Amino acid sequence: GYYALAAQVEGPQVVRARPRDAEARLLYARALFLSGDAEGAAAQLRAARPLPATPELERSLAHLGALVGAARGDTARAARGLARLYRAAPGYRVAMDWGQVAWQGGDLRAAERAYRAAAATPRGAQEPWPTLNLARLLLQAGRYEEALVPLETTLTRLEADPSPRPSPAYAETFYRLGQAYEALGRPDEALPNFQAALSADPDYEPAARALERLAGP
């Protein structure tokens, strides 16, 4: 609701008041993009391109431009643009978006590089998502043994989280560990991980189905 309001009301008002302000165009473009209007976002980014901007603002415009490009179907160019942005100014969010866009475009090698890069940033060293996404990718590629390392790293990061509310990543991480062990022909190690996933989230259906499968007829 907030983004729809920003796209329909607040964004146009800001741009009318500050038509030569690249940041105003960026904010309007972001609201349009997040409300599902990639074409409208692209138009605002084009309008922002010739306007004066700081280097940081230029990076933000290029970052959003890559995401808009991916949404419009040009994932290969978008992934290359995000990779360039990361090399110029390494950051967690850019690396995560690079990974997502590269994966979306089917470039698993680039997605793997991106998630490893995200995990190496200061924020990424605390977050579970870069290593969990890396594990998802490795499992998809059938690299089950390799997936165990990022999954264990993800658990370590989750256990170090001081938040009193458990992360939604807990159940999936245990499930993915079980998935990897089952694929490796190690059901005795898969079983407790599937059980832990269901303990973390009793409604986690993939783990319940896995336990039924391992229990047999």
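Below, all heavy atoms of this structure are taken into account, side chains as well, without hydrogens, waters or symmetry copies. Nothing here was measured: the structure is a model prediction, and the numbers come from that model.
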Open item on the list: So W129 and T154, do their side chains get closer than 4.5 Å, heavy atoms only?
Closed with: no
TODO: For residues Q140 and L137, determine if any side-chain heavy atom of one lies less than 4.5 Å from a side-chain heavy atom of the other.
DONE: no
- [ ] Measure the spacing between CZ of R109 and CG of D107 and express it to the nearest 0.5 Å.
- [x] 8.0 Å
Open item on the list: For A38 versus R72, what's the shortest heavy-atom pair and its separation?
Closed with: CB-CG, 3.9 Å
Open item on the list: According to a hydrophobic-cluster definition based on side-chain heavy atoms being under 4.5 Å apart (Ile, Leu, Val, Met, Phe, Trp, Tyr only), do W98 and L85 belong together?
Closed with: yes
Task: More than 12 heavy atoms from other groups under 6.0 Å of CD on E159 - done: yes
Open item on the list: Using a 3.5 Å distance criterion without hydrogens, assess whether the side chain of Y115 forms a donor-acceptor pair with backbone atoms of Q100.
Closed with: yes
Task: N-O pairing of E145 and R186 below 4.0 Å - done: yes
Open item on the list: So does G124 get a backbone contact from the side chain of R157, meaning a donor-acceptor N/O pair under 3.5 Å?
Closed with: yes
TODO: Measure the shortest side-chain to side-chain distance between R176 and E172 over non-hydrogen atoms and say whether it is less than 4.5 angstrom.
DONE: yes
Open item on the list: Using only atom types and a distance under 3.5 Å, with no angle test, would you say the side chain of S60 pairs donor to acceptor with the backbone of E56?
Closed with: yes
Side-chain donor-acceptor pairs of residues 193-206 under 3.5 Å, sequence neighbours excluded:
residue	atom	partner	partner atom	Å
N193	ND2	E189	O	2.8
D201	OD1	D203	N	3.0

Open item on the list: Could you measure the distance from the OG1 atom of T121 to the CE atom of M96? Nearest 0.5 Å is fine.
Closed with: 9.0 Å
Task: Y144 side chain near Q179 side chain, heavy-atom distance below 4.5 Å - done: no
TODO: Decide yes or no for L108 and E112: does some side-chain heavy atom of the first lie under 4.5 Å from some side-chain heavy atom of the second?
DONE: no
Task: Heavy-atom closest pair, residues P12 and Y28 - done: CG-OH, 3.4 Å
- [ ] For R87 and R84, run side-chain contact (heavy atoms from CB on, under 4.5 Å): C-alpha distance rounded to whole Å, both residues' side-chain angles, the deciding distance at 0.1 Å, then the answer.
- [x] CA-CA 5 Å; R87 288 194 293 270; R84 285 194 298 272; 3.3 Å; yes
Task: 4.5 Å side-chain heavy-atom contact, R25 and L45 - done: no
Task: Separation between OG1 of T173 and CG of L132, rounded to the nearest 0.5 Å - done: 4.5 Å
Open item on the list: I want to check something: taking the side chain as every heavy atom from C-beta on, are Y181 and P187 in contact at a cut-off of under 4.5 Å?
Closed with: no
Open item on the list: Can you confirm whether R143 is buried at CZ, in the sense that more than 12 heavy atoms of other residues, nucleotides or ligands lie under 6.0 Å from that atom?
Closed with: yes
TODO: Decide, yes or no, whether a salt bridge links D97 with R93 under the criterion of side-chain N to carboxylate O below 4.0 Å.
DONE: yes
Open item on the list: Can you see whether Q13 engages R16 through a side-chain donor-acceptor pair at a distance of less than 3.5 angstrom?
Closed with: no
TODO: Determine whether L138 and L177 fall in the same hydrophobic cluster, where Ile, Leu, Val, Met, Phe, Trp and Tyr are linked whenever their side-chain heavy atoms lie under 4.5 Å apart.
DONE: yes
TODO: Examine Y170 and L151 and state if one hydrophobic cluster contains both, with Ile, Leu, Val, Met, Phe, Trp and Tyr joined whenever side-chain heavy atoms are less than 4.5 Å apart.
DONE: yes
Task: Nearest heavy atoms of A190 and L214, plus distance in Å - done: CB-CD1, 4.4 Å
TODO: Identify the two heavy atoms, one from G105 and one from T75, that lie closest to each other, and give their separation to 0.1 Å.
DONE: CA-OG1, 3.4 Å
Task: Same cluster (ILVMFWY, side-chain, under 4.5 Å), L67 and L27 - done: no
Task: Minimum side-chain heavy-atom gap R30-Q44 below 4.5 Å - done: no
Open item on the list: Using every non-hydrogen atom in the two residues, find where A180 and L148 come nearest and quote the distance to one decimal.
Closed with: CB-CD2, 3.7 Å
TODO: Decide whether V68 and Y86 are clustered together by the hydrophobic rule: side chain heavy atoms of Ile, Leu, Val, Met, Phe, Trp, Tyr closer than 4.5 Å, transitively.
DONE: yes
TODO: Indicate the atoms forming the closest heavy-atom contact of A24 with V14, along with that distance.
DONE: CB-CG1, 3.5 Å
